[in-house]
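First listed ligand is number 1; within each ligand, the first listed atom is number 1. Note that the coordinates shown come from a computational prediction; the quantities given were computed from them, not determined experimentally. Values below: every heavy atom of this structure, side chains too, minus hydrogens, waters and symmetry copies.
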Amino acid sequence: MARRSLLVGFGSFLPDRVVTNDELAARLETSDEWIKTRTGISRRHIAGPDDTAASMGAKAASRALEYAGLAATDIDAVIVGTSTPDQAFPATAVRIQAELGMTQGFGFDIAAACSGFIFALSTADSFIRSGLARNVLVIGSEVYSRIVDWSDRGTCVLFGDGAGAVVLSGTDQAGEAGILSTHLHSDGTAGDLLYVDGAVGRPEMSGHLKMNGRDVFRHAVAKLSSSVDEALEAEGLSYSDVSWLVPHQANIRIIEGVGKKLGLPPEQVVVTVDRHANTSAASIPLALDEAVRDGRIKKGDLVLMEALGGGLTWGSALARM
Ligand code: COA
């Protein structure tokens with residue numbers, strides 16, 4: 001039997017501070033009603049001064065290790081999806097290794113914006129299938145509160161901070177379980193629809209997130225639809241086989257659109273965007289952790305994950321729990 005990656009651990013971390021739509025409406029020309037109707041977002045968590053991608057990622061990772069019943073010394077690789085690293089280098093993943101007390105194995109970051117977790121999961125799965133690693137921590141950790149322009153009501157209301165993590169473990173005895181397949185795409189010709197204006201290599205730029213919301217919305221609906229079809233077709237599965245959709249959490253209207261396409265009732269779609277807003281690469285592992293721990297997602301369930309983000313990047317992953 002071919003080697004497979006099992007999802008064996010789940011963890012997440014959200015900063016303490018909660019910012020409601022009304023709090024934003026007190027300092028911006030916006031309203032709770034506008035934000036809720038257009039996006040489904042009611043509130044978001046915002047990092048405190050000591051919360052960073054590395055510190056939050058390490059906390060989520062510790063919880064995922066505990067869930068898996070593994071020690072940090074059992075881990076061969078740490079892969080972090082983030083667009084908001086603490087430093088240009090060392091990578092967030094390497095800082096997290098140190099935080100967890102790991103000196104073995106290796107770690108690196110993946111920059112695929114809101115698709116970062118799917119790209120990291122795919123990379124980890126490939127390492128496991130090839131035999132390069134056995135146990136891998138896959139983390140999404142983001143502090144978008146530090147890259148949004150807090151005076152731009154068109155973008156700042158959409159994002160929140162947080163981290164999520166999963167542990168993947170390789171086995172030759174998975175049976176039906178494990179990551180079935182992952183599917184990745186990027187198209188840089190649409191790079192100017194959603195981007196951060198500068199980085200350490202371009203310090204003269206603003207460093208703020210910029211977005212053409214309408215065009216991103218159009219791309220999201222089309223590309224996520226084709227991405228879920230691609231995943232199911234690759235495995236010879238159909239919409240009715242899906243137990244749970246665990247989508248990237250950007251906008252409830254995009255999430256519901258994909259859910260409807262799959263013919264899934266809302267009860268089979270994991271939604272956190274109302275409470276977390278868009279936490280970019282952290283959103284899928286945050287949602288997974290919630291739905292596994294509250295007992296919704298069970299052993300044997302078929303879970304379909306999908307995301308789209310700046311790049312544009314997009315992709316999907318199918319996993320049997
Ligand atoms: N509060 C009140 N009004 C706002 C606002 C806010 N926070 N943000 C924008 N507006 C205004 C705009 O200025 C515009 O006013 P105008 O018509 O007078 O010019 C109006 O609302 C409509 O703006 P528009 O951008 O066309 O709204 P929309 O229906 O497209 O909704 C988004 C905006 C951002 C919610 C929507 O485009 C979206 O969700 N896009 C996808 C974004 C996304 O998911 N990005 C991340 C992908 S990972």
Side-chain angles (χ1 to χ4, degrees), residues 19-44 81-84 110-120 140-145 147-162 164 184-188 190-197 208-225 227-228 246-259 269 271-274 276-287 305-316:
V19 174
T20 61
N21 292 343
D22 283 333
E23 192 177 336
L24 293 179
R27 50 185 153 100
L28 279 169
E29 213 173 301
T30 188
S31 64
D32 178 48
E33 205 256 328
W34 191 97
I35 301 171
K36 258 195 208 141
T37 317
R38 303 283 175 127
T39 70
I41 297 165
S42 294
R43 56 184 194 265
R44 72 282 295 139
T82 189
S83 305
T84 49
I110 285 187
C114 295
S115 311
F117 179 74
I118 298 283
F119 277 55
S141 189
E142 303 277 20
V143 275
Y144 268 49
S145 62
I147 55 167
V148 294
D149 173 355
W150 284 102
S151 65
D152 175 13
R153 67 178 183 170
T155 53
C156 74
V157 302
L158 305 175
F159 295 93
D161 300 330
L184 309 182
H185 298 275
S186 58
D187 176 3
D192 288 340
L193 296 182
L194 174 55
Y195 64 100
V196 175
D197 183 39
H208 286 144
L209 182 145
K210 311 272 185 190
M211 181 176 71
N212 177 333
R214 269 194 197 170
D215 283 351
V216 171
F217 194 98
R218 257 202 309 273
H219 277 284
V221 172
K223 290 185 161 58
L224 293 172
S225 287
S227 195
V228 297
V246 184
H248 168 51
Q249 311 278 325
N251 183 313
I252 193 67
R253 292 186 291 148
I254 298 172
I255 294 171
E256 285 173 352
V258 178
V269 180
V271 173
T272 57
V273 71
D274 51 332
H276 299 173
N278 181 347
T279 57
S280 190
S283 86
I284 293 177
L286 269 161
M305 298 167 253
E306 42 84 343
L308 174 133
L312 293 178
T313 56
W314 68 100
S316 56

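Closest protein heavy atom to atom 30 (O) of ligand 1: R214 CG, 3.4 Å. Summary of contacts: the protein heavy atom closest to atom 40 (N) of ligand 1 is G213 O, 3.0 Å. The protein non-hydrogen atom at the shortest distance from atom 11 (C) of ligand 1 is R153 NH2, 3.6 Å. Of the protein's non-hydrogen atoms, the one nearest atom 45 (N) of ligand 1 is M211 SD, 3.2 Å. In this structure, atom 39 (O) of ligand 1 lies nearest to the protein heavy atom N251 ND2, 2.6 Å. The protein atom (non-hydrogen) at minimum distance from atom 22 (C) of ligand 1 is R38 NH1, 3.7 Å. Atom 44 (O) of ligand 1 has as its closest protein heavy atom A250 CB, 3.4 Å.
Heavy-atom separations between A220 and ligand 1 are all 4.0 Å or longer.
Under the side chain to side chain donor-acceptor pair (under 3.5 Å) rule, N21 has a single partner from R44, K36, R43, which is R44.
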Exercise for the section: Quick one: do Q249 and L286 satisfy side chain to side chain contact (heavy atoms under 4.5 Å, CB included)? Show the steps, please. Expected result: CA-CA 10 Å; Q249 311 278 325; L286 269 161; over 6 Å; no

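Side-chain contact between L158 and T39 is present, with at least one heavy-atom pair separated by less than 4.5 Å. With a 4.5 Å cut-off on side-chain heavy atoms, E23 and T20 count as touching. Residues L28 and C156 form a side-chain contact, since some pair of their non-hydrogen atoms from C-beta on lies under 4.5 Å apart. By the 4.5 Å heavy-atom criterion applied to side chains, D274 and I252 are not counted as neighbours. Side-chain atoms of W150 and L24, non-hydrogen and from C-beta on, do get closer than 4.5 Å to each other.
Of all the listed residues (W314, W34, F217), W34 holds the heavy atom that lies closest to atom 4 (C) of ligand 1. Comparing heavy-atom distances from atom 47 (C) of ligand 1 across T155, N212, V216 singles out V216 as nearest.
An N or O contact shorter than 3.5 Å is missing between T39 and ligand 1 by distance. Considering both main-chain and side-chain atoms, N278 never comes within under 3.5 Å of ligand 1 through any nitrogen or oxygen pair. At under 3.5 Å, a nitrogen or oxygen of T30, whether backbone or side chain, sits near a nitrogen or oxygen of ligand 1.
For atom 25 (O) of ligand 1, the nearest protein heavy atom is 4.0 Å or more away. Proximity of atom 20 (C) of ligand 1 to the protein is not indicated, since no non-hydrogen protein atom lies closer than 4.0 angstrom. Distance check on atom 14 (C) of ligand 1: every protein heavy atom falls at or beyond the 4.0 Å cut-off. Note that atom 17 (O) of ligand 1 has no protein non-hydrogen atoms nearby, at separations under 4.0 angstrom.
Listed by number with element, the atoms of ligand 1 under 4.0 Å from a non-hydrogen atom of G154 are 8 (N). Every atom of ligand 1 is numbered from 1 in the order shown, and the set under 4.0 Å from a heavy atom of L308 is 48 (S). The C114 neighbourhood of ligand 1 comprises atoms 48 (S), with distances under 4.0 Å to a heavy atom of that residue.
Using modelled atom types and a 3.5 Å distance limit, the side chains of T279 and E142 yield no donor-acceptor pair.
Between I254 atom CD1 and K223 atom NZ the span is 12.5 Å, to the nearest 0.5 Å.
When all heavy atoms are compared, the tightest approach of A281 to G116 is CB-CA, 4.0 Å. Heavy-atom minimum distance, F159 versus A277: C-CB, 3.8 Å.
At least one donor-acceptor pair closer than 3.5 Å links the side chain of T313 to the backbone N or O of A112.
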